[in-house]
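Single-structure report; data block below.
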Amino acid sequence: MSNSSKAPQGQRSVMGFDFGTKSIGVAIGQELTGTANALRAIKARDGIPNWDDIRALVNEWQPDLLVVGLPLNMDGTEQDLTHRARKFANRLHNQTGLQVDTQDERLTTAAAKEHLFASGGYRNLRKDNIDNASAVLILESYFSAAYGE
């Protein structure tokens with residue numbers, strides 16, 4: 001499989017997406033540090049984002065790789081939202097030409113809410129904050145799985 005990435009594996013910039021039908025959280029992270037930061041949430045209509053907004057973020061941050069969170073049931077089986085997230089990942093590849101990986105995102109929303117509440121109470125639990133924090137956790141779990149941390 002050819003990789004059009006500019007940076008070698010382990011040193012890539014990676015953009016993560018927390019797919020949702022109304023909102024898609026976006027984060028940017030670095031493989032080298034294994035850390036990520038929230039960017040913003042993109043509004044979606046029935047799971048379809050404004051692709052211009054997505055392309056603008058990709059053009060601004062120039063990631064080498066994209067990662068989409070895969071919402072699975074707790075037992076690991078797929079659900080309707082899983083298939084929709086896969087479709088979003090395919091469209092993301094078609095829209096950007098970049099490699100797109102998926103990452104199991106079970107428990108990321110609960111963990112994101114817990115983290116946000118701990119750092120700012122209820123007022124921190126806005127939907128955009130949760131989606132973005134989930135995107136950060138998806139990326140960080142992707143780095144942990146890839147590099148066995």
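Everything quoted here is computed from the prediction, not taken from an experiment.
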Would you say the side chain of T102 lies within less than 4.5 Å of the side chain of V67, judging by non-hydrogen atoms?
-> no
Does a side-chain heavy-atom distance below 4.5 Å link N90 with K87?
-> no
Hey, does L81 have a side-chain heavy atom less than 4.5 Å from the side chain of T21?
-> yes
Show the numbers, then the answer: is there a side-chain contact (heavy atoms from CB on, under 4.5 Å) between E31 and Q9?
-> CA-CA 8 Å; E31 283 181 322; Q9 184 166 352; 4.2 Å; yes
D18 side chain vs I24 backbone, donor-acceptor pair below 3.5 Å = no
Just by modelled atom types, is the N59 backbone N or O under 3.5 Å from a matching donor or acceptor in the Q62 side chain?
-> yes
Find the distance between CD1 (I28) and CZ (R40) and round it off to the nearest 0.5 Å.
-> 13.5 Å
Distance-minimising heavy-atom pair for A36 and V136 | O-CG1, 3.7 Å
Please answer whether the main-chain N or O of D46 pairs with a side-chain N or O of R84 as donor and acceptor at a distance below 3.5 Å.
-> yes
Counting N and O atoms only, with roles assigned by atom type, does the side chain of S23 sit under 3.5 Å from a partner on the main chain of A41, one being a donor and the other an acceptor?
-> no
Give the intermediate values and the outcome of side chain to side chain donor-acceptor pair (under 3.5 Å) for residues D101 and Q103.
-> CA-CA 7 Å; D101 285 350; Q103 174 65 31; over 6 Å; no
May I ask you to test the L92-V58 pair for a side-chain heavy-atom distance under 4.5 Å?
-> no
Rounded distance [0.5 Å steps], CD in E105 versus CG in L139 | 11.5 Å
Among the clusters formed by ILVMFWY side chains lying less than 4.5 Å apart, do W51 and L39 turn up in the same one?
-> yes
Going by heavy atoms in the side chains, are F143 and V14 under 4.5 Å from each other?
-> yes
For S144 and S141, indicate whether the former's side chain and the latter's backbone hold a donor-acceptor pair under 3.5 Å.
-> no
Within the distance-only criterion (no hydrogens, no angle test), does the side chain of E78 pair as donor or acceptor with the backbone N or O of L72 below 3.5 angstrom?
-> no
Do I42 and W61 belong together in a cluster built from hydrophobic side chains that touch within less than 4.5 Å?
-> yes
Working to the nearest 0.5 Å, report the span between CZ of R55 and OG1 of T96.
-> 9.5 Å
Nearest heavy-atom contact between D75 and T77 is OD1-OG1, 2.6 Å
Validation row: V26, M15 side chains within 4.5 angstrom (heavy atoms) = yes
Say you draw a straight line from CD1 of I54 to CZ of F17; how long is it, rounded to the nearest 0.5 Å?
-> 5.0 Å
Separation between CD (Q95) and CZ (F88), nearest 0.5 Å, reads 9.5 Å
Smallest heavy-atom separation, G20 atom then A44 atom, equals O-CB, 4.1 Å
Measure the spacing between CG of L66 and CG of L98 and express it to the nearest 0.5 Å.
-> 4.5 Å
Candidate pair L65 and Y142, rule side-chain contact (heavy atoms from CB on, under 4.5 Å), full reasoning | CA-CA 12 Å; L65 173 69; Y142 176 83; 3.3 Å; yes
